[in-house]
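Below: the structure, in structure tokens.
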Amino acid sequence: MAITSANISYEKIETELKKHIDDEFNNVYISPTFKMYGNECIRINTTSDSSQTIAHDFETRLFNVDIRYYINSANNHDNRINKAIKQKAEALRQHLVNKRTNGQNWAQLDVTDMNYYVQDEENEDKEDLNIFEYSLQILNNHHKLGT
């Protein structure tokens, strides 16, 4: 007998997050690795999940998702530009919080952390790149079909 499964992390979490973020922001993509698109882009990546409840025909899983907002700006030390960059980062956070529930895709979305001006090996040679990282926890309730 063939095993059937749902691709919850991609279809119900990442794809639906992308659709929601695309409503207000440009250059949103799903990937575990960075690639710059334009002057601003947003990367979505599920990092892990854990089972919360397992029953014969129902499962609840908690997904950990990282979202990174990349903004190119050569003068981020200028107070006006720094303020504008942080305002964009805060706008993304608020946009995410506004979608705490999403029908069949997730029962609860929490932005647990937001890190400003992230530095990492992946982008250490890009002085003008400002990175904001959001850690999300998303609770999905999945009704198993055919059980």
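FYI, side chains are in, hydrogens and waters are out, and symmetry mates aren't considered; it's all heavy atoms of this structure.
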Does the side chain of [Y] come within less than 4.5 Å of [X]'s, by heavy atoms?
| X | Y | value |
| --- | --- | --- |
| Val65 | Leu17 | yes |
| Thr101 | Leu109 | no |
| Leu92 | Phe25 | yes |
| Ile71 | Asn39 | no |
| Asp23 | His95 | yes |
| Tyr117 | Asn82 | yes |
| Arg61 | Leu139 | no |

**Asked** Do Tyr37 and Tyr29 pass the ring-ring contact (aromatic ring centres under 6.0 Å, His included) test, and can you show the C-alpha distance, the side-chain angles, and the key distance before you say yes or no?
**Response** CA-CA 9 Å; Tyr37 293 99; Tyr29 65 99; 4.9 Å; yes
**Request:** Please say which of Asp120, Asn115, Asn45 ends up in a side chain to side chain donor-acceptor pair (under 3.5 Å) with Arg68.
**Result:**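 Exactly one option meets the side chain to side chain donor-acceptor pair (under 3.5 Å) with Arg68, and it is Asp120.
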**Item:** Within 6.0 Å of CD in Gln119, more than 12 heavy atoms from elsewhere
**Value:**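 Not more than 12 within 6.0 Å, no.
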**Prompt:** When you look at CD of Gln104, are more than 12 heavy atoms from neighbouring residues, nucleotides or ligands closer to it than 6.0 Å?
**Reply:**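 Counting other residues, nucleotides and ligands, CD of Gln104 stays at 12 neighbours or fewer.
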**Message:** Between Ile138 and Asn105, does the side-chain contact (heavy atoms from CB on, under 4.5 Å) criterion hold? Intermediate values first, please.
**Reply:** CA-CA 9 Å; Ile138 300 175; Asn105 299 303; over 6 Å; no
**Request:** Test side chain to side chain donor-acceptor pair (under 3.5 Å) on Asn64 and Ser48 and set out the steps.
**Result:** CA-CA 5 Å; Asn64 293 301; Ser48 67; 2.9 Å; yes
**Asked** Between Arg100 and Asp110, is there a salt bridge with N-O shorter than 4.0 Å?
**Response**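 Counted as a salt bridge, because a side-chain N and a carboxylate O are separated by less than 4.0 Å.
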**Message:** Taking the basic N atoms (NZ, or NE/NH1/NH2) and the acidic carboxylate oxygens, is any pair closer than 4.0 Å for Glu40 and Lys88?
**Reply:**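 Salt bridge between Glu40 and Lys88, a charged N being under 4.0 Å from a carboxylate O: yes.
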Could you check whether any side-chain N or O of [X] sits under 3.5 Å from a backbone N or O of [Y], counting only pairs where one atom can act as donor and the other as acceptor?
| X | Y | result |
| --- | --- | --- |
| Trp106 | Phe63 | no |
| Arg43 | Ile30 | no |
| Asp128 | Asn72 | no |

How many angstroms lie between atom [atom1] of [X] and atom [atom2] of [Y], to the nearest 0.5 angstrom?
| X | Y | atom1 | atom2 | value |
| --- | --- | --- | --- | --- |
| Asn7 | Lys12 | CG | NZ | 11.0 Å |
| His20 | Ile44 | NE2 | CD1 | 10.0 Å |
| Lys18 | Tyr10 | NZ | OH | 8.5 Å |

**Item:** Close aromatic pair by centroid cut-off 6.0 Å: Phe132 and Tyr70
**Value:**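 No, they do not, as the ring centres are separated by 6.0 Å or more.
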**Request:** Start with the C-alpha distance between Ser135 and Glu133, add both sets of side-chain angles, then the distance that settles side chain to side chain donor-acceptor pair (under 3.5 Å), and finish with yes or no.
**Result:** CA-CA 7 Å; Ser135 298; Glu133 184 174 61; 5.2 Å; no
**Request:** Pick out which of Thr112, Thr47, Asp66, Leu96 makes a side chain to side chain contact (heavy atoms under 4.5 Å, CB included) with Leu136.
**Result:**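 The residue from Thr112, Thr47, Asp66, Leu96 that satisfies side chain to side chain contact (heavy atoms under 4.5 Å, CB included) with Leu136 turns out to be Leu96.
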**Asked** For the hydrophobic clusters of this structure (ILVMFWY residues joined by side-chain heavy atoms under 4.5 Å, transitively), does one cluster hold both Leu62 and Ile67?
**Response**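 Per the 4.5 Å side-chain linkage, Leu62 and Ile67 are not co-clustered.
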**Request:** Carefully, step by step, assess Asn141 and Thr60 under the rule side chain to side chain donor-acceptor pair (under 3.5 Å).
**Result:** CA-CA 4 Å; Asn141 298 320; Thr60 300; 3.0 Å; yes
**Asked** Would Glu14 and Thr46 satisfy side chain to side chain donor-acceptor pair (under 3.5 Å), going step by step from the backbone distance to the final call?
**Response** CA-CA 7 Å; Glu14 292 173 329; Thr46 301; 3.0 Å; yes
**Request:** Measure across Cys41 and Lys35 and return the closest heavy-atom pair with its distance rounded to 0.1 Å.
**Result:**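 Smallest interatomic distance, heavy atoms only, reads SG-O, 3.8 Å.
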